[in-house]
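To start, the structure itself, in structure tokens.
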Protein chains: 2
Amino acid sequence: MADLDSVDRQLVDLLQRQGQTSYSDLAKAVGLAVSSVTERVRKLSERGVLLGVHGQAAPEALGLDLLAFVFVSWSDPAVADAFLTRIGAEPAVQEAHHVTGQWNYLLKVRVTTTRMLEAFLTNVIKGVPGIERTETLIVLSSAKETTYLPVVAPAWYG
Amino acid sequence: MADLDSVDRQLVDLLQRQGQTSYSDLAKAVGLAVSSVTERVRKLSERGVLLGVHGQAAPEALGLDLLAFVFVSWSDPAVADAFLTRIGAEPAVQEAHHVTGQWNYLLKVRVTTTRMLEAFLTNVIKGVPGIERTETLIVLSSAKETTYLPVVAPAWYG
DNA sequence: TGCAATGCCGAAAATTATACGGCATATAGG
DNA sequence: CCTATATGCCGTATAATTTTCGGCATTGCA
């Protein structure tokens, strides 16, 4: 299905770093003609390797000064559906992961203030019937935060 | 500093969703001329509201089938520098957050297999002198994962 | 050997980005 | 009150880019 050659990988690498790189620049970088690169990129999208291009905004510039990870748990399996529906419609929730361990889900949440975080926990999370416990970790600073995915294996892994 | 009007917010919204939206489309959407939108977007970048545009790749298409969150802790404060330097150079680490609670850092890590996760913990994390404990949560599935930041306050928060 | 599929190429045409001068409105200082 | 300055918007001309097409070489396969 996947099976990307080195040119494909290079294109994915470049487009992850600079989503608006022109086809002529891409062509120069990989040593192919513009039309060949166009076709490659089109197929990468078609195959689902490239999912889209997104502008990256600064959270603080939008007033989103508070980042938190929220663990959530419940006992009744029927809660999952309602929870995911509610969470899916909530822009404050950037990520929702089903995780191993003592908790059901781990959420990545962005809000403006602790007051807004409180409102989120009260109105959104505990607004879903059946949710029993939560635990919130506040992010003091983010040393690294990227969406870049490596296209080559690291040195420490043969 | 920030102070975005409704047009700015709309532009940030649109560009987050579709980073390659043409200026003519943006102009149509916000009801301004192309040159006005060009200027607006340029200033949003200049002001640091828009940080860049990035292609989004499918982790599984790159063989990155395993997502994990890794908590890390140490006692000696001097460890932080070495840890962050090591982590910063590691593409497998997508995020590194300094968090409240019993752990020092929370990492978001993407690898191909459990075998590679083991190599990461052994060679990278424990390769940093002074690191004492880690705890790893495996992500079974991700119900939501987006980089989109809300540009308007939610209904549950006045 | 012949056939089909694939990837690549260059060029033409359509679309888009960029740069510029001009215009209207708002603001501050005299 | 009035002038000077700044800001935001506009349309247009030019440059650059995207998109599309037919053709060519290579590969795999019957």
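Here is the naming used below: chain letters follow the sequence lines, and residue numbers restart at 1 for every chain. In this text, all values refer to a predicted model and were calculated from it rather than measured experimentally.
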**Prompt:** Do the side-chain N and O atoms of His97(B) and Glu95(B) include a donor-acceptor pair separated by under 3.5 angstrom?
**Reply:** yes
Specify the separation, in whole Å, of atom [atom1] of [X] and atom [atom2] of [N].
| X | N | atom1 | atom2 | result |
| --- | --- | --- | --- | --- |
| Glu39(A) | dG22(D) | CD | C1' | 14 Å |
| Asp5(B) | dC9(D) | CG | C1' | 13 Å |
| Tyr23(A) | dT20(D) | OH | P | 10 Å |

**Request:** Sequence neighbours left out, what pairs pass salt bridge (charged side-chain N to carboxylate O under 4.0 Å, His left out) with at least one residue falling in residues 116-125 of chain B?
**Result:** none
**Fill in**
In short, salt bridge (charged side-chain N to carboxylate O under 4.0 Å, His left out) pairs touching residues 131-145 of chain B with sequence neighbours left out are Lys108(B)-Glu145(B), Arg110(B)-Glu145(B)
**Complete:** Protein-proximity profile, nucleotides 11-16 of chain D, B/S/- by nucleotide at the 4.0 Å heavy-atom cutoff, equals B-----
**N or O in side chain of Arg40(B) less than 4.0 angstrom from dC9(D) OP1/OP2** = yes
**Prompt:** Any chance CZ of Arg42(B) has more than 12 other-residue heavy atoms, nucleotides or ligands included, within less than 6.0 Å?
**Reply:** yes
**Item:** Val111(B) to Ala92(B) - nearest heavy-atom pair and separation
**Value:** CG1-CB, 4.4 Å
**Request:** Please name the residue in the list Gln16(B), Gln10(B), Arg17(B) that meets the side-chain hydrogen bond (donor to acceptor under 3.5 Å, both in side chains) test with Asp13(B).
**Result:** Arg17(B)
**Prompt:** Between which nucleotides of DNA chain C, read 5' to 3', does contact with chain B run, using atoms under 4.0 Å from its heavy atoms?
**Reply:** dT16(C) to dA19(C)
[X] side, atom [atom1]; [Y] side, atom [atom2] - distance, nearest 0.5 Å:
| X | Y | atom1 | atom2 | answer |
| --- | --- | --- | --- | --- |
| Phe71(A) | Leu107(A) | CZ | CG | 9.5 Å |
| Asp8(B) | Leu44(B) | CG | CG | 4.5 Å |
| Leu26(A) | Thr21(A) | CG | OG1 | 5.5 Å |

**Asked** Looking at residues at least two apart in the chain, or sitting in another chain, which of them share a ring pair (Phe, Tyr, Trp, His ring centres under 6.0 Å) with Tyr105(B)?
**Response** Trp74(B), Phe83(B), His98(B)
**Rounded (10°) bend between the five-pair end axes of the helix from dT1(C)-dA30(D) to dG30(C)-dC1(D)** = 30°
